[in-house]
Amino acid sequence: MIWLLRNWDMSGQLAAPGRRSVRLLIWLDVLVLLAWGLALLRFWLMGRLPLFIHPNYIPLVVAAGLLLLVLSGIQGLRTLALVRLQAREMRHTTLLPPQVGSGLLLSVALIALVMTPRPFTSDTALQRGVSDTLSLTRPQPQAFRISVEPSQRTLLDWIRTLNVYPEPDAYTGQAVKVQGFVVYEPNQPNNYLTISRFVITCCAADAYPVGLPVKLAGDRSQYPKDSWFEVTGNMVTESLNQQRQLVIQASAFTPIPEPANPYMY
């Protein structure tokens, strides 16, 4: 598609590029293939691909990166042969400059080669809306383990449990130990915060945050947003924003490092 846009002239004919344009376009294509192959493999070696896609698809991405490197080598060899060929001068005005498409692709790949990807933050969670249920409009996670003891449930296990039976009184008094990052939700009392995680079913584009409110013994300012904690306590029912909700009555807040893979599935 990009090749058509940059080579289709205003009269509806494929423009015949000049010799220098042909060489430039082919070398740009070689660089694009090489840069994207290196970028995908770099994220894999850094262990950061799970920030973009579900782990099930990582082998496909690695294979794609290797294939791009092979294609860049093949295209490079072809270029060495093509530079010896004669090409007609351009006689038509192209819709887009021939170098624009490849230049944009190369620019994005170069950015990917130097950037360090970071997981989503609490600001993104607020933008996408933190929920304590899995709405029908969102992709559903993979499995639901009903047999898990309350104290062994992950944050996502609790969300799945509430999705099946949302009555908060049914869980009052149950022990809880979950891990996540801190979110300050709007209109939340100062002695409350939300412990949250992002859920991915395919890639980062469909990631959405889930979380549970946590009731604190004191001010929440000692628990900075985006910091990671393991929260231990018991479940209680509270009225927040005129709505009955399941809330974690925290008995312990333990700081933990950000997981290498912070997302859940």
Side-chain angles (χ1 to χ4, degrees), residues 50-51 118-135 138 140-141 143-200 207-265:
L51 298 183
R118 296 288 301 165
F120 292 131
T121 64
S122 60
D123 289 337
T124 307
L126 291 175
Q127 291 171 5
R128 300 194 178 187
V130 183
S131 175
D132 60 359
T133 58
L134 303 173
S135 69
R138 284 172 163 166
Q140 300 299 305
F144 175 59
R145 299 179 296 168
I146 191 64
S147 60
V148 175
E149 291 294 324
S151 60
Q152 297 178 350
R153 289 174 185 158
T154 65
L155 182 61
L156 185 53
D157 287 332
W158 277 105
I159 299 301
R160 289 167 174 161
T161 302
L162 284 171
N163 198 59
V164 173
Y165 188 66
E167 172 53 52
D169 287 343
Y171 313 102
T172 297
Q174 292 187 3
V176 57
K177 180 188 289 187
V178 295
Q179 296 179 346
F181 63 93
V182 172
V183 176
Y184 295 166
E185 294 197 66
N187 304 320
Q188 203 171 45
N190 202 41
N191 62 327
Y192 284 82
L193 55 79
T194 296
I195 199 76
S196 180
R197 296 289 291 266
F198 275 93
V199 180
I200 287 183
Y208 60 92
V210 295
L212 289 172
V214 180
K215 186 175 183 179
L216 308 170
D219 186 90
R220 68 183 181 185
S221 60
Q222 57 184 313
Y223 310 108
K225 67 177 183 178
D226 295 324
S227 52
W228 283 77
F229 289 92
E230 181 177 80
V231 182
T232 305
N234 292 281
M235 288 300 189
V236 297
T237 301
E238 296 281 340
S239 293
L240 295 175
N241 299 322
Q242 300 180 343
Q243 182 179 357
R244 292 172 63 253
Q245 292 185 351
L246 189 65
V247 174
I248 301 174
Q249 177 75 61
S251 58
F253 254 81
T254 306
I256 60 173
E258 180 183 287
N261 181 5
Y263 301 140
M264 307 191 83
Y265 309 96

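We're numbering straight along the sequence, starting at 1.
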Once you round to the nearest 0.5 Å, how far does OG1 of Thr121 lie from CD of Gln127?
7.5 Å
Find the distance between CH2 (Trp158) and CG (Leu246) and round it off to the nearest 0.5 Å.
6.5 Å
With a 4.5 Å heavy-atom cut-off, do Lys225 and Leu193 have their side chains touching?
no
Check side-chain contact (heavy atoms from CB on, under 4.5 Å) between Pro189 and all other residues, then give those that pass, not counting sequence neighbours.
Asn191, Tyr192, Leu240
Closest non-hydrogen atoms of Gln179 and Ile195, given as atom of the first, atom of the second and distance, are C-CG1, 4.4 Å
Heavy-atom closest pair, residues Lys215 and Val247
N-CG1, 3.7 Å
If you compare all heavy atoms of Val183 against all heavy atoms of Ala125, which two are closest, and at what distance to 0.1 Å?
CG2-CB, 4.3 Å
Distance (rounded to the nearest 0.5 Å) between Thr232 OG1 and Gln249 CD
13.0 Å
Quick one: ring-ring contact (aromatic ring centres under 6.0 Å, His included) partners of Tyr223, sequence neighbours excluded?
Phe229, Phe253
Parallel, tilted or perpendicular for Trp228 and Phe181, by the 30°/60° rule?
tilted
Holding to side chain to side chain donor-acceptor pair (under 3.5 Å), I want the full list of residues that pass it with Thr172, two or more places apart in sequence or in another chain.
Thr237
Pairs flagged by salt bridge (Lys or Arg N to Asp or Glu O under 4.0 Å) wherever residues 173-192 is involved - sequence neighbours left out
none
Would you compute the distance between atom CG of Leu162 and atom CG of Asp157 and round it to the nearest 0.5 angstrom?
11.0 Å
Report the distance from atom CG of Leu155 to atom CE of Met264, rounding to the nearest 0.5 Å.
6.5 Å
Heavy-atom closest contact (Pro119 atom, Pro262 atom, distance):
CB-CG, 3.5 Å
Scan Thr124, Val199, Val130 and name whichever one has a side chain to side chain contact (heavy atoms under 4.5 Å, CB included) with Tyr208.
Val199
Gln245: partners by side chain to side chain donor-acceptor pair (under 3.5 Å), with sequence neighbours left out:
none
Over all atoms of both residues, closest heavy-atom pair of Val176 and Val178:
CG2-CG1, 3.7 Å
Working note: Met235 + Leu212, criterion side-chain contact (heavy atoms from CB on, under 4.5 Å); need CA distance, chi angles, decisive distance, verdict.
CA-CA 10 Å; Met235 288 300 189; Leu212 289 172; 3.7 Å; yes
Hey, could you give me the CZ/CD1 distance between Arg197 and Ile159, rounded to the nearest 0.5 Å?
12.0 Å
Can you name the nearest heavy-atom pair linking Arg153 to Tyr171, along with the distance?
NH1-CD2, 4.5 Å
Can you list the residues that meet the side-chain contact (heavy atoms from CB on, under 4.5 Å) rule with Ala175, with sequence neighbours excluded?
Ser151, Asn234
Taking the six-membered ring of Phe120, is NZ or CZ of Arg128 closer than 6.0 Å to its centre and within 45° of its axis?
yes
